Amino acid sequence: RYHYSVSEHLASCPKCSAEMDVTDAGPYSRVRCPACGEEVLVKTELGSYRLVRRIASGGMSVVFAARDPTLQREIAVKVLSDEFSSDEKREEEFRREARLTATVSNPHVVEVYTVGRAFGHCFIAMELIPGQSLDDHMALHGALPEDDVALLALQIVDGLRAAQSEGLTHRDIKPRNILIDED
């Protein structure tokens with residue numbers, strides 16, 4: 001169903017310029033150069049975005065911080081995992097999630113910019129929330145004060161209502177999927 005160019009399967013070692021077969025490497029993988037042994041980060045560009053670092057991983061996807069060179073900003077790129085990238089049904093669900101989320105305009109819902117495909121993986125480019133997940137926040141600081149919980153709950157409900165009004169149902173609400181920005 002998909003055509004892959006030869007360049008998607010090859011990378012050059014920056015140390016010795018040897019050509020490396022990276023067919024089996026996923027996005028943002030480290031591969032050892034067979035010629036000089038240097039460890040090389042490969043498949044760092046998805047569409048026009050340059051992957052900078054891994055942020056999180058879940059059951060279906062991995063999220064990276066990425067650089068958008070056109071708009072000169074940092075964004076998040078959510079990449080469908082290897083296991084689900086070859087499953088047309090899962091990929092369509094992933095794309096549908098992006099389309100529905102893109103219709104939601106609410107300060108408590110992450111903004112979606114685009115959907116693409118590179119290296120045999122579907123990805124969603126979206127707003128990067130500077131901060132941390134509720135799960136990470138609680139691990140560092142313990143339980144939140146009651147007033148903070150009430151405020152956070154109201155914001156979560158506001159975002160979920162906005163999503164629901166556009167036909168989107170979040171099926172994985174948990175502290176790890178709730179992002180708290182720096183403000």
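From a predicted model like this one, the values you see are computed outputs, not experimental measurements.
With Lys43 contributing its side chain and Val22 its backbone, the two residues share a donor-acceptor pair below 3.5 Å.
Contact detail for Pro69 and Ser48: the closest heavy-atom pair is CD-O, 3.0 Å. Among all heavy-atom pairs drawn from Leu128 and Ala76, the shortest one is CB-N, 3.7 Å. Residues Glu45 and Phe119 share a closest heavy-atom pair of O-CE1, 3.0 Å. Across every non-hydrogen atom of Cys36 and Lys15, the tightest pair is SG-CD, 4.0 Å.
By the ring-ring contact (aromatic ring centres under 6.0 Å, His included) test, His137 is found to be paired with His141, residues two or more places apart in sequence or in another chain being considered. In terms of the side chain to side chain contact (heavy atoms under 4.5 Å, CB included) criterion, residue partners of Ile75 (sequence neighbours excluded) are, by chain and number, Tyr49, Ala66, Asp68, Arg73, Val77, Tyr113, Ala125. Listed by chain and residue number, Phe64 satisfy the ring-ring contact (aromatic ring centres under 6.0 Å, His included) test with Tyr28 (two or more places apart in sequence, or in another chain).
How far OG of Ser85 is from CZ of Phe123: 11.5 Å, rounded to the nearest 0.5 Å.
For the residue pair Asp21 / Thr23, a side-chain donor-acceptor distance below 3.5 Å is found, with atom types taken as modelled.
Lys78 is not listed as a side-chain neighbour of Met60, based on a closest heavy-atom distance of 4.5 Å or more. Taking 4.5 Å as the limit, some side-chain heavy atom of Val40 sits within range of a side-chain heavy atom of Met20.
Ion pairing between a basic and an acidic side chain is recognised when a charged N comes within 4.0 Å of a carboxylate O; Arg161 and Glu166 show no such pairing.
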